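Owing to the predicted nature of the structure, the values given are computational and were not obtained by experimental measurement. In what follows, every chain begins at residue 1, and chains take the letters A, B, ... in the order their sequences are listed.
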There are 2 protein chains.
Amino acid sequence: MQDKYQLLRQHFEEIVTLTDEEWKIIAPHFEHKKLKKHQFLIQTGQPVDCEFWIINGLIKSYAVDEKGSEHILQFAMEDYWVSDYYAFQHQIPATIFVDCIEDSEFFCLSLESREIICQKIPAMANFFRIKSNYGFIGLQQRILSLLTQTAEERYDALLFKLPKLVQRVPKKLIAAYLGVSRETLSRFKG
Amino acid sequence: MQDKYQLLRQHFEEIVTLTDEEWKIIAPHFEHKKLKKHQFLIQTGQPVDCEFWIINGLIKSYAVDEKGSEHILQFAMEDYWVSDYYAFQHQIPATIFVDCIEDSEFFCLSLESREIICQKIPAMANFFRIKSNYGFIGLQQRILSLLTQTAEERYDALLFKLPKLVQRVPKKLIAAYLGVSRETLSRFKG
DNA sequence: GTTAAAAAGTGATATACATCACATTTTTTT
DNA sequence: AAAAAAATGTGATGTATATCACTTTTTAAC
């Protein structure tokens with residue numbers, strides 16, 4: 001178990017440096033948890049107590065429309081952060097679902113804990129700032145791909161960027177991420 | 001002119017508190033500039049020296065595809081931040097354009113300056129962290145709208161959220177932001 | 001104030017993609 | 001290993017939206 005916390009520290013130290021003193025303050029704010037395939041981290045209408053850092057497994061966040069169709073906001077795998085950030089930040093009930101595509105292990109961090117850590121340890125404010133920046137940039141790229149590319153071009157780009165993910169999950173989930181029907185996606189390529 | 005810097009300080013102090021000492025360190029990193037309608041802040045292929053905080057006016061960031069069509073990533077008005085963040089963060093040539101829809105006034109901040117400020121003044125690391133978080137959340141909402149809504153629903157939502165913006169800019173730019181042709185957008189509503 | 005340019009509206013037609021229905025294959029459960 | 005469930009493939013058909021071509025209206029430039 002201690003090794004899992006080691007992984008978390010390493011994740012921070014890829015971007016900032018932490019003293020052992022600082023780590024002693026940080027670590028207790030993180031709670032280690034496991035869930036099995038199909039279990040939920042977040043359900044709509046429920047409070048969003050945490051954001052999550054994935055140790056292993058595969059998780060998806062998604063909205064469900066009136067017709068019951070899923071629209072995937074994010075696939076979160078090893079080393080990714082995930083939550084319903086809108087609800088988490090505003091401390092309101094969730095509007096999206098987050099659940100496990102595979103058995104998964106992760107750390108939980110509450111909003112209160114995050115803010116305490118950022119106030120006490122400037123390096124951590126910088127860590128979250130830089131991470132958030134990269135997240136922002138990633139989402140801008142995705143918006144551009146939705147605006148400028150056809151569904152098939154987006155599929156090709158994803159195949160190129162994350163070939164293993166495309167193998168790892170049912171194609172209907174890939175379709176729900178790309179914004180195309182599973183039938184149409186099934187007709188792409190040779 | 002000094003009042004413009006006052007506006008900037010107020011913008012920071014909406015989120016964090018700063019001492020006069022700290023402000024003396026921060027302010028000199030910001031350069032005040034003005035540009036007229038149609039002038040560029042960023043052009044593809046050019047280095048991206050700065051991110052920009054808009055004092056007044058109206059600016060757009062956009063990609064141009066092979067066919068020459070514009071796809072708008074962001075409208076930036078008073079109190080907004082804008083740049084080619086992908087290029088800015090990685091310090092590579094711009095892949096999008098940023099130009100003025102109206103005469104505009106803004107402050108410029110280099111990547112180096114931003115990092116210095118964040119290292120020296122923890123409150124500023126927190127400011128940029130929190131801002132970046134909100135930006136991230138906004139982009140997630142936009143991705144969901146692109147995945148779940150029809151073009152007309154997106155138009156209605158924008159009319160509801162930013163009615164003044166829809167009045168203020170040519171509809172073809174609204175279309176380029178929503179991911180719909182100007183002809184189709186022109187056929188919406190009664 | 002006149003001229004030029006840009007924006008906006010609209011019909012006709014084309015197309016990317018969705019939806020429906022059902023067969024086939026693969027994976028999971030017991 | 002058998003049965004059930006989920007995923008995938010594919011034809012037929014429908015639809016939202018794009019594109020093209022042109023006119024009218026509004027805004028900007030001289």
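- Near DNA chain C, defined here as any heavy-atom distance below 4.0 Å, the residues from residues 145-176 of chain A are T150(A), A151(A), listed numerically.
- Here the closest non-hydrogen pair linking A87(B) and A94(B) is CB-CA, 3.8 Å.
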Review point. Passes ring-ring contact (aromatic ring centres under 6.0 Å, His included), H32(B) versus F107(B)? Steps please.
Key: CA-CA 5 Å; H32(B) 180 262; F107(B) 283 110; 5.5 Å; yes

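- Sequence order on DNA chain D of the closest nucleotides to L185(A) and S181(B) puts L185(A) first from the 5' end.
- The 12-atom threshold is exceeded at CD of E115(B), counting heavy atoms of other residues, nucleotides or ligands nearer than 6.0 Å.
- Among dT19(C), dG9(D), dT19(D), the nucleotide with an atom closest to any side-chain atom of K67(A) is dT19(C).
- Heavy-atom contacts from other residues, nucleotides or ligands closer than 6.0 Å to CD of E21(B) number 12 or fewer.
- Here the nucleotide nearest the side chain of E183(A), chosen from dA18(C), dT19(D), dT10(D), is dT10(D).
- Ring geometry, H11(A) versus W81(A): the interplanar angle falls from 30° to 60°, so the pair is classed tilted.
- Axis angle across the helix from dG1(C)-dC30(D) to dT30(C)-dA1(D), with five pairs used at each end and values rounded to 10°: 70°.
- Place R187(B) and S186(A) on DNA chain D by their nearest nucleotides, and S186(A) ends up nearer the 5' end.
- Ring orientation note: the planes of F188(B) and Y155(B) are tilted relative to one another, at an angle of 30° to 60°.
- Phosphate proximity of dA18(C) to T184(A): present, with a side-chain N or O under 4.0 Å from OP1 or OP2.
- Each of K37(B), R168(B), K36(B), H38(B) was evaluated against E102(B); a single residue qualifies, R168(B), per the side chain to side chain donor-acceptor pair (under 3.5 Å) test.
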Pairs: protein N or O with nucleotides 22-30 of chain C N or O, under 3.5 Å:
none

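- The environment of K33(A) atom NZ is sparse: at most 12 non-hydrogen atoms of other residues, nucleotides or ligands sit within 6.0 angstrom.
- In this structure, Y5(A) places its OH atom where more than 12 heavy-atom neighbours from other residues, nucleotides or ligands lie under 6.0 Å away.
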